[in-house]
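First listed ligand is number 1; within each ligand, the first listed atom is number 1.
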Amino acid sequence: MAGVTNAPFRLVARECGAGRLTSEEIDARALVRDNARTVALTAYLPEERPLAMQLLGEDPDLLAEAARRLETAGADGIDLNMGCPVAKVVAKGQGAALMRDPLRAAVIFRTLRKAVAGAFTIKIRGGWDDRTVNAPEIARLAESEGVDGVTVHPRTRSQQYTGRAPWDVIADVVDAVRIPVVGNGDVSSVDDARAMVAATGCASVMIGRGALGRPWIFRGVDVPRDARATIIRRHCALIEAHLPERAALVQLKKHLAWYSDGLPFAARSRPAIFAARTPAEVADLFWRLW
Ligand SMILES: Cc1cc2nc3c(=O)[nH]c(=O)nc-3n(C[C@H](O)[C@H](O)[C@H](O)COP(=O)(O)O)c2cc1C
C-alpha cells in the first residue's frame with residue numbers, strides 16, 4: 001500500500017507471521033530516471049525477504065528496465081500494478097487503466113516475462129466498471145504469457161474502495177486459471193480469511209487495510225495487550241532507525257493514529273498527534289492513550 005508498506009511496516013508484518021510481502025507501488029519511469037524519492041521506496045531490510053516489489057507503469061520497455069533494476073537491488077519477485085484507481089495514474093494509462101487495454105497488457109506481460117528472472121505476478125481489479133468485469137480474461141491472458149500468479153481485488157475501478165468487495169469475481173478467476181490466485185478485499189480477521197478461501201477457492205489471501213494498526217492480524221490468534229504494546233514499540237523503533245527524520249515523523253503519526261483506533265479519547269487526540277513536532281512528542285501522546 002502506497003505510503004504504508006515501507007520496510008519497517010513490512011518487517012513487523014513478517015515478524016507477526018505474514019507470508020509473501022510486497023513493496024509499495026514504485027513508478028517505473030521515475031525509478032529509471034533515478035528520482036531520489038522513488039529510489040528510496042526500494043529500500044528494504046534483509047530479514048524481510050522473500051520480498052516482491054511492485055511496479056506501476058504503462059511502457060513495456062521502461063517497466064522491463066525498472067524490473068531489472070529492482071531484481072538487481074534484491075527483489076525476489078516483481079508484481080505489476082493493474083489496480084490503482086487514482087485519476088492521475090489511470091490518465092497515463094497505468095494501474096487500473098491496463099484492465100481496459102488488454103492488447104497493451106499482453107505486450108507488457110510478454111516483455112516483463114522476458115526481463116524478470118524471479119517470480120512475475122500481477123495485481124488486478126475486477127475490471128474497469130460494472131459493465132466490463134474482465135478479471136478472468138485478463139488472468140487467462142496473463143497465464144498464457146507466463147505470469148506466475150495473480151492477486152485479485154475484485155472491486156472495479158469505478159467502485160474505488162466503496163461497497164463490499166464482490167468475492168464471486170475472485171472465484172471466477174480461480175475457475176479461469178491454473179496459476180495461484182490470491183484473494184483480496186475486505187479481509188479484516190482470520191475468520192474473514194477462512195471465509196474467503198472457502199467461498200472462492202483462492203490459494204492465499206492478501207490483507208491490506210485490515211492490517212493497519214493491527215499487524216498482529218498475521219499471528220492468526222488473539223494477541224494480548226502487552227504483546228501488542230511490544231509490537232507497537234518494535235514498529236516505532238524500526239521507523240526511527242530506518243527512515244529519514246521527516247519521513248519517520250510522518251510514519252509515526254500515521255501508524256500511531258491507526259494503533260490508537262478504538263481506544264478511548266483517540267478521536268479527540270488525533271489532531272494533537274498530527275500536530276506533534278518530534279517523534280518523542282507523538283509517542284508520548286500515544287502512550288498516554290494506550
Ligand atoms: C492507502 C492505500 C494504498 C494502497 N496502495 C496500493 C499499492 O501501492 N498497490 C496495490 O496493489 N494496491 C494498493 N492499495 C489497494 C490494496 O492493496 C487492496 O487491494 C485494497 O485496499 C483492498 O484490500 P483490503 O480490503 O484488504 O484493504 C492501496 C490501498 C490503500 C487503502
Side-chain angles (χ1 to χ4, degrees), residues 1-7 9-10 13 18-28 30-31 37-38 40-42 44 51-58 63 66 70 75 77-90 92 94-99 105 120-127 135 138-139 142 147 149-167 169-170 173 181-197 199-200 202 204-215 217-218 250-251 253-255 257-258 261:
M1 286 182 283
V4 182
T5 52
N6 44 33
F9 183 74
R10 293 190 305 255
R20 191 165 189 265
L21 299 169
T22 307
S23 73
E24 307 168 64
E25 59 188 20
I26 297 169
D27 184 314
L31 184 69
R37 279 174 65 173
T38 306
L41 297 178
T42 67
Y44 64 92
L51 170 69
M53 294 197 193
Q54 189 187 63
L55 281 172
L56 184 70
E58 85 299 346
L63 280 162
L70 292 180
I78 300 295
D79 190 57
L80 173 69
N81 183 316
M82 298 181 65
C84 184
V86 172
K88 268 198 320 203
V89 168
V90 297
K92 290 187 262 185
Q94 306 170 346
L98 290 173
M99 294 300 296
F120 167 36
T121 55
I122 61 173
K123 169 122 180 295
I124 63 176
R125 279 199 173 237
I138 294 289
V147 171
V150 52
T151 303
V152 187
H153 174 209
R155 290 186 180 87
T156 62
R157 190 268 169 173
S158 306
Q159 282 178 286
Q160 304 262 343
Y161 296 96
T162 61
R164 277 207 65 79
W167 288 359
V169 175
I170 300 172
V173 175
V181 175
V182 182
N184 169 240
D186 293 344
V187 173
S188 53
S189 68
V190 175
D191 285 347
D192 290 344
R194 289 208 181 96
M196 179 184 270
V197 171
T200 69
C202 61
S204 55
V205 169
M206 173 182 280
I207 300 177
R209 291 165 299 175
L212 301 178
R214 302 150 73 236
I217 191 173
F218 297 112
V250 171
Q251 287 294 314
K253 288 178 183 180
K254 272 198 214 183
H255 285 282
W258 278 316
D261 255 354

When you look at Arg125 and Thr156, which way does the side chain to side chain contact (heavy atoms under 4.5 Å, CB included) test go after all the steps?
CA-CA 6 Å; Arg125 279 199 173 237; Thr156 62; 5.9 Å; no
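Residue Arg155 has no nitrogen or oxygen atom sitting less than 3.5 Å from a nitrogen or oxygen atom of ligand 1, judged on distance alone. By the 3.5 Å distance cut-off applied to N or O atoms, Val187 is not counted among the residues near ligand 1. Considering backbone and side-chain atoms together, Glu24 places no N or O closer than 3.5 Å to any N or O of ligand 1. Note: an N/O pair closer than 3.5 Å links Ala2 and ligand 1 by distance alone.
Relative to atom 8 (O) of ligand 1, the option among Glu25, Lys254, Arg164, Gln160 with the closest non-hydrogen atom is Glu25. Summarising the contacts of atom 23 (O) of ligand 1 with Thr22, Leu56, Thr151, Asn184, the nearest heavy atom is found in Asn184.
Close approach to Lys123 involves these atoms of ligand 1, each under 4.0 Å from a residue heavy atom: 10 (C), 11 (O), 12 (N), 15 (C), 16 (C), 17 (O), 18 (C), 19 (O). Within ligand 1, counting atoms from 1 as listed, the ones closer than 4.0 Å to a heavy atom of Asn81 are 9 (N), 10 (C), 11 (O). Close approach to Gly185 involves these atoms of ligand 1, each under 4.0 Å from a residue heavy atom: 23 (O), 25 (O).
Looking from atom 15 (C) of ligand 1 to the surrounding protein, the closest heavy atom is Tyr161 OH, 3.7 Å.
Taking a cutoff of 4.0 Å between a charged side-chain nitrogen and a carboxylate oxygen, Arg37 and Asp27 do not qualify as a salt bridge.
In this structure, Arg20 fails the cation-pi test against Phe218, since its NZ or CZ atom is not both closer than 6.0 Å to the six-membered ring centre and inside 45 degrees of the ring normal.
The backbone N or O of Pro85 lies less than 3.5 Å from a partner atom in the side chain of Arg157, making a donor-acceptor pair.
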